[in-house]
Amino acid sequence: DAGITQSPRHKVTETGTPVTLRCHQTENHRYMYWYRQDPGHGLRLIHYSYGVKDTDKGEVSDGYSVSRSKTEDFLLTLESATSSQTSVYFCAIGMAGGSTDTQYFGPGTRLTVL
Amino acid sequence: GNSVTQMEGPVTLSEEAFLTINCTYTATGYPSLFWYVQYPGEGLQLLLKATKADDKGSNKGFEATYRKETTSFHLEKGSVQVSDSAVYFCALSDPSGGSYIPTFGRGTSLIVHP
């Protein structure tokens with residue numbers, strides 16, 4: 001199994017509070033991704049990173065920011081959580097390039113915003 | 001742009017039945033194609049992949065053939081088990097434009113009854 005951990009695994013918070021989710025990898029993969037998964041929407045890309053300090057937006061980036069100061073860590077921050085951000089969040093990593101385009105996913109973080 | 005369309009679920013089968021989950025795609029370049037599986041409470045994991053036309057990916061009794069002429073990558077299994085109950089995602093990776101952002105289908109839920 002690819003070495004990807006997410007923390008916390010579960011979190012309940014209140015509307016308006018900041019929340020940071022952490023993704024940690026031990027595979028030295030260049031690409032890291034944050035997705036959210038909601039019923040009826042499948043997986044939606046929030047942000048991704050293609051190197052240390054190199055990040056870009058995905059299709060649902062509003063209300064989220066990310067940082068990557070080390071190859072192994074990719075943080076997702078909800079600046080001011082809203083109930084619409086209640087979801088399951090998955091981190092993924094990938095090497096990129098040809099047949100190595102496989103993504104490896106973390107176990108997920110279930111976030112509830114009350 | 002790129003897109004992946006897969007059949008909506010849930011697909012409900014009896015144990016030992018034959019399974020087909022349809023997947024078609026559009027891509028601007030020459031993509032790699034993937035099937036991922038998500039078991040309850042877990043992240044996605046790679047089930048199989050194919051990187052060029054007429055390649056067949058296979059794993060755990062599942063198979064899918066890369067059909068460029070019909071832009072399809074249908075997932076099949078000859079005899080499903082209760083343990084195959086999960087959500088299956090078809091995906092493509094098309095780095096021809098310099099992007100390593102995969103495109104996922106919305107997922108198809110499979111329920112297998114004893």
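In what follows, chains are A, B, ... by sequence order, proteins preceding strands, each numbered from 1. This structure is a prediction, so every number in the text was calculated from the model and none was measured.
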Heavy-atom neighbours of [X] [atom1] exceed 12 at 6.0 Å:
X: B/Glu8; atom1: CD; result: no
X: B/Glu16; atom1: CD; result: no
X: A/Arg110; atom1: CZ; result: no
X: A/Glu14; atom1: CD; result: no

Open item on the list: For a 4.5 angstrom cut-off between non-hydrogen side-chain atoms, does B/Ile101 reach A/Tyr33?
Closed with: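 B/Ile101 reaches A/Tyr33 side chain to side chain.
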
- [ ] Looking only at non-hydrogen atoms, find the nearest pair between B/Pro102 and A/Tyr35 and report the distance.
- [x]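 Taking every non-hydrogen atom into account, CG-OH, 3.5 Å.
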
Task: Among A/Gly40, A/Ala92, A/Gly106, residue most engaged with chain B (heavy-atom pairs, under 4.5 Å) - done: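 The option with the most such pairs is A/Gly40.
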
Between [X] and [Y], is there a shared hydrophobic cluster once you connect ILVMFWY residues whose side-chain heavy atoms come closer than 4.5 Å?
X: A/Trp34; Y: A/Ile93; answer: yes
X: A/Phe90; Y: A/Leu75; answer: no
X: B/Leu47; Y: B/Val11; answer: yes

Open item on the list: Under 4.5 Å from any heavy atom of chain B, what part of A/Gln37 do you find: side chain, backbone, both or neither?
Closed with: side chain

Open item on the list: Need one label for A/Tyr50: side chain, backbone, both or neither, based on atoms under 4.5 Å from any heavy atom in chain B.
Closed with: neither

Task: Approximate separation, where rounding is to 0.5 Å, of B/Leu48 CG and A/Thr102 OG1 - done: 10.5 Å

- [ ] Can you tell which part of B/Gln38 gets under 4.5 Å to a heavy atom of chain A, answering side chain, backbone, both or neither?
- [x] side chain

Open item on the list: Report which part of B/Tyr30 has an atom under 4.5 Å of a heavy atom belonging to chain A: side chain, backbone, both, or neither.
Closed with: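 Nothing of B/Tyr30, per the 4.5 Å heavy-atom cut-off to chain A.
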
Open item on the list: Has B/Tyr36 got a side-chain atom pairing as donor or acceptor with A/Gln103's backbone, closer than 3.5 angstrom?
Closed with: yes

